[in-house]
Every structure is written in structure tokens, then in C-alpha cells.
There are 2 protein chains.
Amino acid sequence: MEGFLMDEIDLKIVSTLQKDARISLKKLADICFISAPAVSTRLTHLEERGIIKNYQTSIDYKILGYPIKAYVSLRLSPKDKDDFYPYIKSVGNVISCDCVTGSYSQIITCYFKSTRALDNFINDIQRFGETKTQIVFSTSVIQRPLELNPGEVYF
Amino acid sequence: MEGFLMDEIDLKIVSTLQKDARISLKKLADICFISAPAVSTRLTHLEERGIIKNYQTSIDYKILGYPIKAYVSLRLSPKDKDDFYPYIKSVGNVISCDCVTGSYSQIITCYFKSTRALDNFINDIQRFGETKTQIVFSTSVIQRPLELNPGEVYF
DNA sequence: GTTGAAACGACACACCG
DNA sequence: CGGTGTGTCGTTTCAAC
């Protein structure tokens, strides 16, 4: 990461795109009070520097037949790490996996078509260590962007 | 939820958009082997029916000055629910909050500029109940779309 | 970063299977 | 009814400043 600083306009671009990735360059330009080509070059830079990682569409997995969301915690034996990482990447049901502090060292977020499918998955990963599963009942804060122009945030 | 079925083309549209939300209708049309207007009407339907929820840009929060990611579990007293939900929605650091099975009934995913900021947050929410915090060290599966045209998935 | 022109893509309509 | 094809309009891109 080079010694570089985002200005107000970059921040406006990024936070606007977070909320609507399909907005046109022209509209972005109007919002930022600069020209469309200027937005375009800034976008390219933001992408090249890895600040913008990708553009995703969020889907209602429930409607699409994946009603089961779960957090699976896994106490991963250090010796199994090299086997575990490629494996967990290969499972299409898994949308994120983080190594965390605490006795359960991996937190896996995943979606399934049924509790039976979830159960199969859990049985499978138990070869890597002890697991704890928490199935999601309801979601009060749906996956959303981090607030970059902070109103109500902690410092 | 009407008695409606996604066909192969809808699935192709959705899974393509998941990976690149800024793709043009024309490219989508080429990929799906149909015309651009046809893609356009399908997109509108998918949005109207809530299968496509929104288009987000994923950002490297680390580079932007939020290096701390954490999962905070909260044992929420039922009587505090009505206070908790509006509050947790208002915190810009929180990107998701799920009600789950198990003794810690809420799982909060959040980002912070520092461990001190995280600490302030935790101290604050402890008025709602006991908490357990797991800070993310490293991420082996970065937030990614669910695999809809499944290769390696559990049934 | 801005402007303007040219290339490109998106949208609305009438037409065809 | 849903897909295709044309025309118009808006958007992106490139060159010159």
C-alpha cells in the first residue's frame, strides 16, 4: 500500500458505488461535481489499487431455494490447516470463512437447501475438528455496506 | 413468492451478475444467447420479484482504515429486543446482525478503525446482555457469492 | 480535470414466431 | 406471450486542450 490518500471525491465515489454498483459514470459525475471521464480514471485507479475489489449483486437466497443460513464454528487443529483451506474454498455453499480469536478458530458462513444438506456438511468437516453450529432464524441487519461517511460510528 | 420458476437463462443472468454487477446488458445477452431487450425485461422481473436485492461494490475496508473485523455474539434478553433492533441498525460499523440458535442469540459482524473503537462498541452493547467477541486474524474465504450453478455443493 | 465528437450501449417501439 | 430488430436517446471513451 503506497503512501497515498483518498480525497473527498474518491470517498464519495466509493460510498455511492457501495449502495448502487450499476450507477452510470455520468450520474456519478453529477453527484461528485466532476466530469464523467474524470470519474472513469478515478475508478480505474481505485480498482487497480485494490480499494474496489469487485461488483456483486446480492441475491435473495431464500427465494432461490437456499433457506438455511448458518454460522459454523470449527476448532481447527493447526496440523490440518493445509488440508482445510483448499477444501473450504471448494465448497460452493460457503460464502465466507474467517480465522478468529477464541477456542473455535474458524467461523464459516454458509447457505444450504435444507437442514439435511447442512448436516452432511457438518459431518464432513468434523474430520478437521470439533464444530458448533448456529442456524439463522431471522436477520435484523441484512448484509450491508460499512458506513464510510460516518454518522453513528464508534472511534 | 408466487408459483413461479426460474429457468436456465434467469439463473445464468443472476450468477453472472453476482460476479460482475457492472456488466452491460449486451454482454449479458451474448452470454445468455438472447437479445439485450430480452435480458432487460428479465432483469426488471428479477428485481421486482426481489430475487435481485441490490448491486453492491465490495471495498477493501483494511486499506480504507478499518482493519479490525469482528464477530460479536450477544445473549440478548427478550425484553430488550425492541430497543436493540433499532439501535443495532443505527450503528454504521455493523454490516450484518443475525438472530441464531444457541445461547448467544445474536451474531453481529462489524468493522472498526481500532481495537479501542471495538471496545467502546462492546462496552455499549453490554447493556443488552452478555457478549463474546471474536476478532478476525485472517480470512481464507473472502465474502463471495453463493455458487448457484453448483459444482461442489452439499444436498 | 474539462470539453466535444465519435463509438457504443440501453431503451421503446412495432413486428414476427 | 415472449423474442427479435430498428431507431432514438443516453452513456462511455478518446483526443485535444
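From a predicted model like this one, the values you see are computed outputs, not experimental measurements.
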Output, in order, the C-alpha distance, side-chain angles, deciding distance and verdict of side chain to side chain contact (heavy atoms under 4.5 Å, CB included) for B:I125 and B:I108.
CA-CA 11 Å; B:I125 64 168; B:I108 302 159; 4.1 Å; yes
Measuring centre to centre across the rings, with the benzene-like ring taken for any Trp, is B:F112 within less than 6.0 Å of B:Y66?
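They do not qualify: ring centres at least 6.0 Å apart.
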Report each atom pair, protein N/O against N/O of nucleotides 2-4 of chain D, whose distance is under 3.5 angstrom.
from: D:dG3; atom 1: OP1; to: B:R42; atom 2: NH2; distance (Å): 3.0
from: D:dT4; atom 1: OP2; to: B:S35; atom 2: N; distance (Å): 2.8
from: D:dT4; atom 1: OP2; to: B:S35; atom 2: OG; distance (Å): 3.3

Looking only at heavy atoms, what is the nearest atom pair of B:V39 and B:A29, with distance?
CG2-CA, 3.6 Å
Of the non-hydrogen atoms in A:V91 and B:Y154, which two are nearest, and what is the gap between them?
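Shortest heavy-atom contact: CG1-CE1, 3.8 Å.
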Side-chain donor-acceptor contact under 3.5 Å, B:Q134 with A:Y104:
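Distance-only check fails for B:Q134 and A:Y104.
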Using the test salt bridge (charged side-chain N to carboxylate O under 4.0 Å, His left out), find all partners of B:D30 that sit at least two apart in sequence or belong to another chain.
B:K26
Under 3.5 Å donor-acceptor, A:Q18 side chain and A:L146 backbone:
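Judged by distance alone, yes, a pair lies under 3.5 Å.
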Evaluate the ring planes of A:F84 and A:F128, with Trp represented by its six-membered ring, and classify them as parallel (under 30°), tilted (30 to 60°) or perpendicular (over 60°).
perpendicular
Check each residue of residues 20-30 of chain A for a non-hydrogen atom within less than 4.0 Å of any atom in DNA chain D, then write out the ones that pass by number, or none.
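Listed by number, they are A:S24, A:L25, A:K26.
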Phosphate OP1/OP2 of C:dA10 contacted by B:S40 side-chain N/O (<4.0 Å)
no
